[in-house]
Q: 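Sharing a structure below in structure tokens format, with a few things to ask.
Both ligands and their constituent atoms are indexed starting at 1 by order of listing.
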Amino acid sequence: MDSNEARQNQIHDFKPARDHFRTEVLSGLRKAHKELPSKYFYDEHGSYLYERICSLDEYYPPRTEIAIMKAHIKEIVKLLGTNAHLIEYGCGNCVKTRILLDHLPDIATYVPIDISVKQLRRVSQELTSHYAGLEVSPVCADYTGDFKLPAPKRPGDRIVVYFPGSTIGNFDPIPARNFLEHIARVCGPGGALLIGVDLKKDPNVLHRAYNDREGVTAAFNLNLLERINRELNGDFKLDNFQHYAFYNPRESRIEMHLVSLRDQIVHLGDLSIPFAKDESIWTESSYKYNLDDFKQLAADAGFQVEKVWTDERQWFSVQYLVKTTSDNV
Ligand code: AVI
């Protein structure tokens, strides 16, 4: 890496999760219906398992989203325009971003935001060496919390937020609206949001996507307990818990749980947490939308849906939303 690249890749590190992890785990496990925030799945091993999930036959979202992006990339980049500041929430390994960057003629800055400092360092270096002249301004933060975006080093014409992967589905309805409102504020006047949104479909397809034959999703779910053991001095016995995922049609969401297979007591440091047989820890929700529901959610948050691209089966959508001018959010 030359000194120019090193300077460009300097990470704005808000040191996410390190203090909050303990507080949120303890408060979730003390609730009458135990729960843990799904954002904590993504430690190093969890991120690796998630990448494996993304290449499973049963887990259709990534390849469907990528196919939509590729099929409509000319129209997408035309809408994004030139000289935009591109901000990505939860960039991960940037597979989809590269499709954009390969076709965007000119952007002012690319700001990847991710909770994993290692991942950010690696992708920022790869991107600056691959895309000559690309200004990368990485931010390490929990994007659901408070942090300040770095001041852009170059002037740009507008802000476009990129939020792929249907991660919006991992927010409950009210937090989803709040988060989209926050993005609308980040976008500012003339700004836009390019977002991936998973759609409602045959529950059997959904069931298979979250209950894969190889058991990778189960390992991903159980890894959260391993992380708690390691980082919070816990003694969860992984064999005593089972991955359980199902589609809840009333709420239009997949629910992932870890179910206790017996009466047991788990310790986190000095703290004892009793589990009854069959009691569950709710670890993730993944909401599925229809296009009208999402349009309403976007409108409530201050966005107008300008364009929707889907695949033939209408399993997934990529949507381009523009910030509405009325500033009541
Ligand atoms: C990241 N997120 C959109 C994934 C989803 O489908 O809700 C996480 C995931 N959980 C199990 N498999 C994938």
Side-chain angles (χ1 to χ4, degrees), residues 17 35-66 68-69 88-97 112-116 119 142-144 162-173 175-176 179-180 183 194-227 241-248 251-259 280-289 294 297 311 315-319:
E35 59 185 37
L36 289 168
S38 60
K39 65 182 176 189
Y40 292 122
F41 281 142
Y42 304 91
D43 65 352
E44 205 175 339
H45 191 57
S47 302
Y48 158 78
L49 289 169
Y50 182 59
E51 281 194 24
R52 278 190 58 199
I53 290 175
C54 288
S55 61
L56 293 169
D57 276 355
E58 297 100 322
Y59 192 67
Y60 61 86
R63 62 169 184 282
T64 314
E65 185 173 19
I66 288 172
I68 296 169
M69 295 283 293
E88 181 167 0
Y89 281 74
C91 66
N93 58 14
C94 289
V95 171
K96 291 157 205 148
T97 325
I113 307 170
D114 205 273
I115 202 160
S116 157
Q119 174 109 306
D142 169 358
Y143 60 73
T144 60
Y162 186 38
F163 194 40
S166 200
T167 305
I168 192 65
N170 297 132
F171 291 72
D172 283 325
F179 187 61
L180 290 178
I183 292 183
L194 182 67
I195 186 167
V197 182
D198 198 8
L199 301 178
K200 287 186 191 174
K201 59 185 64 60
D202 178 351
N204 293 308
V205 173
L206 291 170
H207 187 86
R208 281 194 291 275
Y210 293 83
N211 290 281
D212 63 278
R213 281 162 302 182
E214 273 184 67
V216 187
T217 311
F220 173 70
N221 199 3
L222 284 158
N223 179 58
L224 189 50
L225 302 185
E226 209 151 276
R227 176 172 187 185
F241 287 86
Q242 191 176 48
H243 165 75
Y244 178 53
F246 63 95
Y247 184 62
N248 176 340
E251 303 292 341
S252 311
R253 68 185 176 215
I254 286 282
E255 292 184 19
M256 285 211 321
H257 294 257
L258 288 165
V259 178
S280 88
I281 314 174
W282 189 348
T283 51
E284 188 180 60
S285 296
S286 192
Y287 286 82
K288 310 301 168 189
Y289 287 92
F294 194 77
L297 173 66
D311 54 298
W315 277 10
F316 199 93
S317 65
V318 175
Q319 309 201 15

Q: Is the closest side-chain donor-acceptor distance between Asn248 and Glu255 under 3.5 Å?
A: yes

Q: So, Asn211 and Tyr244: side-chain donor and acceptor under 3.5 Å apart, yes or no?
A: no

Q: Taking the side chain as C-beta and beyond, is there a heavy-atom pair between Met256 and Thr217 under 4.5 Å?
A: yes

Q: If you measure every N or O of Tyr42 against every N or O of ligand 1, does any of those distances drop under 3.5 Å?
A: no

Q: Among protein heavy atoms, which lies nearest atom 2 (N) of ligand 1, and at what distance?
A: Asn170 OD1, 2.9 Å

Q: Say whether Lys201 and Tyr60, considering side chains only, have a donor N or O and an acceptor N or O under 3.5 Å apart.
A: yes

Q: For the residue pair Phe179 and Tyr143, is the inter-centroid distance of their aromatic rings smaller than 6.0 Å?
A: yes

Q: Assess Tyr59 for proximity to ligand 1: is some non-hydrogen atom of it under 4.0 Å away?
A: yes

Q: Among Cys54, Ser286, Ser166, which one puts a heavy atom closest to atom 7 (O) of ligand 1?
A: Ser286

Q: Can you tell if the side chain of Asn223 reaches within under 4.5 Å of the side chain of Glu226, non-hydrogen atoms only?
A: yes

Q: Taking 4.0 angstrom as the limit and counting only heavy atoms of Gly165, give me the atoms of ligand 1 inside it, by number and element.
A: 3 (C)

Q: Taking distance alone, with no angle check, do Tyr210 and ligand 1 share an N/O pair under 3.5 Å?
A: yes

Q: Considering both backbone and side-chain atoms of Thr217, is one of its nitrogen or oxygen atoms within less than 3.5 Å of a nitrogen or oxygen in ligand 1?
A: no

Q: For Tyr42 and Phe220, I'd like to know if the aromatic rings sit close, meaning centre-to-centre distance below 6.0 Å.
A: yes

Q: Which heavy atom of the protein is the closest neighbour of atom 9 (C) of ligand 1, given with residue, atom name and distance?
A: Glu284 OE1, 3.6 Å

Q: Would you say Gly169 touches ligand 1, if touching means a heavy atom closer than 4.0 Å?
A: no

